[in-house]
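Notes for the one structure printed next.
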There are 6 protein chains.
Amino acid sequence: MATCGLIEYEDASPEVRAVYDDIRETRKTEYINNFWKALAHDPVTLRRTWASIKEIMVQPGVLDPLTKELLYIAVSVTNQCGYCIASHTAAARRGGMTDPMFGELMAVVGMANETNRLATGYQVEIDPVFRTWRTSSS
Amino acid sequence: MATCGLIEYEDASPEVRAVYDDIRETRKTEYINNFWKALAHDPVTLRRTWASIKEIMVQPGVLDPLTKELLYIAVSVTNQCGYCIASHTAAARRGGMTDPMFGELMAVVGMANETNRLATGYQVEIDPVFRTWRTSSS
Amino acid sequence: MATCGLIEYEDASPEVRAVYDDIRETRKTEYINNFWKALAHDPVTLRRTWASIKEIMVQPGVLDPLTKELLYIAVSVTNQCGYCIASHTAAARRGGMTDPMFGELMAVVGMANETNRLATGYQVEIDPVFRTWRTSSS
Amino acid sequence: MATCGLIEYEDASPEVRAVYDDIRETRKTEYINNFWKALAHDPVTLRRTWASIKEIMVQPGVLDPLTKELLYIAVSVTNQCGYCIASHTAAARRGGMTDPMFGELMAVVGMANETNRLATGYQVEIDPVFRTWRTSSS
Amino acid sequence: MATCGLIEYEDASPEVRAVYDDIRETRKTEYINNFWKALAHDPVTLRRTWASIKEIMVQPGVLDPLTKELLYIAVSVTNQCGYCIASHTAAARRGGMTDPMFGELMAVVGMANETNRLATGYQVEIDPVFRTWRTSSS
Amino acid sequence: MATCGLIEYEDASPEVRAVYDDIRETRKTEYINNFWKALAHDPVTLRRTWASIKEIMVQPGVLDPLTKELLYIAVSVTNQCGYCIASHTAAARRGGMTDPMFGELMAVVGMANETNRLATGYQVEIDPVFRTWRTSSS
């Protein structure tokens with residue numbers, strides 16, 4: 001059970017309802033998931049977090065929406081966040097992620113977590129050329 | 001300085017040279033980065049790690065190579081691995097990542113790290129519907 | 001179920017009972033939570049861990065007890081430790097944490113986890129002035 | 001060197017300058033630290049991140065500013081983020097953190113990281129009473 | 001329920017069955033644990049992961065098998081991975097880990113997680129002598 | 001430079017000197033590494049941390065000292081703690097860790113970090129049999 005419980009639409013303040021309404025309209029679904037209902041206990045954080053998610057994940061940009069969902073899963077898996085893995089895996093599937101795409105995503109995430117530790121454990125120094133490439137392209 | 005030092009091509013055993021040669025041929029560059037030269041102290045791990053990286057990152061699949069590099073950066077940043085951030089940022093740039101793409105990548109990674117903690121800190125339970133979606137699409 | 005099971009007071013050795021008694025007396029409650037009952041399988045670690053917790057969290061210092069509980073939650077949420085989030089959220093509430101305080105705590109924890117990754121992902125170098133301030137105030 | 005370099009005030013676009021100006025006015029200092037100069041390559045993320053930091057860390061709330069800085073350090077240390085440890089330790093000192101306060105902060109952060117792993121490693125189940133407390137106080 | 005469900009032997013493709021058969025033969029047991037059945041949705045990753053596990057954990061080396069299991073638990077606990085803690089604790093017990101060994105393992109893991117943060121939080125610079133020792137022994 | 005600087009023996013209080021003396025006597029070396037000199041700004045934490053390290057890492061137990069050092073490295077690498085990787089790699093080498101042992105250690109640590117994410121990402125449920133084994137051996 002969430003720390004402060006979940007706030008349903010009918011029990012929500014006008015401020016919270018406005019966010020719920022925008023989520024529904026933006027996502028074209030009546031469903032509000034538990035994350036937002038838990039966050040609704042702090043309307044300031046609810047509003048700011050939804051506004052940020054909308055700006056980052058919904059507004060058109062140079063990365064397509066499905067790629068962003070895959071990145072979200074990659075982070076959530078690395079952090080071992082059960083809720084976000086479940087919610088963003090569901091979102092990615094609705095957005096077109098197939099099982100083979102999920103399989104490759106997991107392969108990359110697993111490998112990156114492995115080589116992160118090999119690089120750090122072997123105390124490998126950053127190649128000067130990586131810094132050069134950075135400078136020249138900035 | 002790397003824990004066991006770096007092994008240059010001219011000092012490498014035939015087993016290690018074979019891996020270096022394959023890296024060069026696969027990547028179309030003479031440059032072998034420090035990660036592999038450090039790992040070369042353990043030829044078994046060098047061989048297995050390169051074979052895995054090649055299978056995951058180089059072999060054609062359903063995710064394009066640049067998306068995989070972005071995912072690699074997302075994991076490396078979440079784990080705070082300086083070496084891998086530098087090397088995969090360089091690789092992503094060679095693969096076509098522009099500064100606006102990097103900006104959006106960082107925005108998603110930052111946001112996911114934030115909401116991972118909000119979801120966990122509020123102890124939000126996974127919506128049953130997320131499990132349903134999983135079952136139905138598997 | 002805990003790895004080695006839980007040891008209840010009536011089944012405990014004198015060494016373990018002494019720690020349980022001190023927990024009860026210090027916390028003014030008969031309740032011993034599962035963490036200690038699980039740890040009781042290793043009396044040396046039980047004793048040392050309780051002594052450390054008592055010294056750090058119970059002994060008067062320059063930080064007040066509630067601030068220390070908030071810090072404990074901040075770390076536990078960042079590490080995604082479900083048990084410690086639950087136990088220290090309960091402890092903080094008994095110590096006076098209100099829902100608005102919890103809300104602000106989560107906002108700070110979420111934001112810090114986000115900017116930690118932005119700073120690392122952008123490979124930002126530490127401002128020399130931060131080192132100066134450190135030196136001058138030490 | 002930061003991935004995309006640092007953008008100084010004189011080279012900044014009007015959009016970026018507006019954020020820099022607000023940072024200066026809010027913090028009562030001419031100094032803009034590297035984090036913002038690195039982020040300035042993505043004006044959208046710069047603006048959103050500063051607005052969030054201002055709302056969370058600067059606006060008056062129920063937690064005092066110094067407590068928030070201590071929490072920020074707790075998260076940054078747990079994540080091993082060198083830049084944020086340096087910048088927020090400097091900020092906390094300007095805000096009144098003494099060496100004894102820093103010492104106690106580190107003691108709590110270290111201990112929490114230890115018991116997080118003991119609780120998880122022993123696979124301790126959450127005490128039902130912790131859930132009761134949550135429900136009753138929500 | 002696993003993201004893509006679990007694939008039982010009777011429903012498995014010949015490619016997957018070959019891996020299952022090798023797991024059974026190598027481990028001298030009919031039991032295939034859920035991890036492999038979940039991974040079986042991606043036969044390439046299943047095959048590569050099992051081959052790596054077999055090379056690292058099963059092939060004779062300079063570290064004995066039980067020490068490797070203890071190391072696996074140490075990493076899994078640090079990462080807060082519930083599944084791997086459960087599976088490798090079971091494996092370590094089958095391999096001879098006693099409760100006192102588990103207790104000492106947890107004590108080391110907890111302490112290392114604590115001092116990792118103290119070292120980073122105090123921003124301690126690496127002693128030059130540690131680099132010398134590395135160089136001389138490489 | 002460490003947050004509060006380093007305290008050398010000649011500048012240390014009697015309380016700190018007592019700890020330094022015990023470190024020297026216990027380790028049979030005049031050398032005090034930077035970690036302790038940084039921690040010396042908080043004599044209470046210095047004393048407690050050294051006492052814990054001595055109890056866990058130095059007192060004879062069922063795990064041998066070198067195995068404990070390998071576990072310490074495994075945790076430090078997983079947490080990406082540069083200082084502790086350097087100091088405990090040096091300690092392990094003095095304690096008999098050879099390059100092949102280091103290579104196998106890194107292979108296990110890398111692999112565990114990979115499969116931790118595969119297990120979590122695939123949302124694999126813990127096999128009931130793992131819980132049975134736990135119960136029966138407790």
Side-chain angles (χ1 to χ4, degrees), chain C residues 1-4 31 33-35 38-39 45 49 52-53 56-57 61-63 67-68 70-72 74-76 78-79 81-84 86-87 89-90 93-94 98-101 104-105 107-109 111-113 115-116 118-127 129-131 133-134 137-138, chain D residues 1-4 31 33-35 38-39 45 49 52-53 56-57 61-63 67-68 70-72 74-76 78-79 81-84 86-87 89-90 93-94 98-101 104-105 107-109 111-113 115-116 118-127 129-131 133-134 137-138:
Chain C
M1 192 170 296
T3 306
C4 308
Y31 191 71
N33 55 303
N34 289 350
F35 177 73
L39 223 55
T45 297
T49 305
S52 295
I53 284 283
I56 295 169
M57 301 298 285
V62 291
L63 298 181
T67 297
K68 289 178 185 171
L70 300 182
L71 291 167
Y72 226 103
V75 170
S76 303
T78 299
N79 282 330
C81 178
Y83 186 86
C84 300
S87 64
T89 298
R93 281 185 160 163
R94 287 194 307 275
T98 61
D99 278 4
M101 290 172 72
E104 289 193 17
L105 166 63
V108 175
V109 168
M111 197 68 208
N113 271 287
T115 58
N116 280 188
L118 292 176
T120 303
Y122 274 90
Q123 303 182 77
V124 188
E125 287 187 322
I126 297 178
D127 304 54
V129 69
F130 293 153
R131 300 197 183 280
W133 280 327
R134 286 213 306 277
S137 75
S138 68
Chain D
M1 192 170 295
T3 306
C4 309
Y31 192 71
N33 55 304
N34 289 349
F35 176 74
L39 223 53
T45 297
T49 305
S52 296
I53 283 283
I56 296 170
M57 301 298 285
V62 291
L63 298 181
T67 297
K68 289 179 186 171
L70 299 182
L71 291 166
Y72 226 104
V75 170
S76 304
T78 299
N79 283 330
C81 178
Y83 185 86
C84 300
S87 65
T89 298
R93 281 183 161 166
R94 286 194 307 275
T98 61
D99 279 3
M101 290 172 73
E104 289 192 16
L105 166 63
V108 174
V109 169
M111 197 68 207
N113 271 287
T115 58
N116 279 189
L118 291 176
T120 303
Y122 274 90
Q123 302 181 79
V124 188
E125 286 187 322
I126 297 178
D127 304 54
V129 70
F130 294 154
R131 301 197 183 279
W133 281 326
R134 286 213 306 277
S137 73
S138 69

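Proteins come first, then strands; the chains are lettered A, B, ... in the order of their sequence lines, and each starts at number 1.
- Chain D forms the most heavy-atom pairs under 4.5 Å with one residue out of C:T78, C:V62, C:T98, and that residue is C:V62.
- Side-chain contact between D:V75 and C:V75: absent, with no pair of heavy atoms (C-beta onward) separated by less than 4.5 Å.
- Between the CG atom in C:N113 and the CG atom in D:N79 there is a gap of 4.5 Å [rounded to 0.5 Å].
- The line from CG of C:N33 to CD1 of D:I126 is 11.5 Å long, rounded to the nearest 0.5 Å.
- Here D:T115 is the residue among D:T115, D:V109, D:T120 with the most heavy-atom pairs under 4.5 Å with chain C.
- A distance of 7.5 Å separates CZ of D:F130 from CG of C:N34, quoted to the nearest 0.5 Å.
- Residues D:E104 and C:I56 fail the side-chain proximity criterion, which asks for heavy atoms closer than 4.5 Å.
- For chain D, the option among C:G82, C:S52, C:C84 with the highest count of heavy-atom pairs below 4.5 Å is C:C84.
- Counting heavy-atom pairs closer than 4.5 Å to chain D, the top-ranked of the candidates C:G121, C:S76, C:P100 is C:S76.
- Between atom CG of residue C:L118 and atom CZ of residue D:F35 there is a gap of 5.0 Å, rounded to the nearest 0.5 Å.
- A donor-acceptor contact closer than 3.5 angstrom is absent between the side chains of C:Y83 and D:N116.
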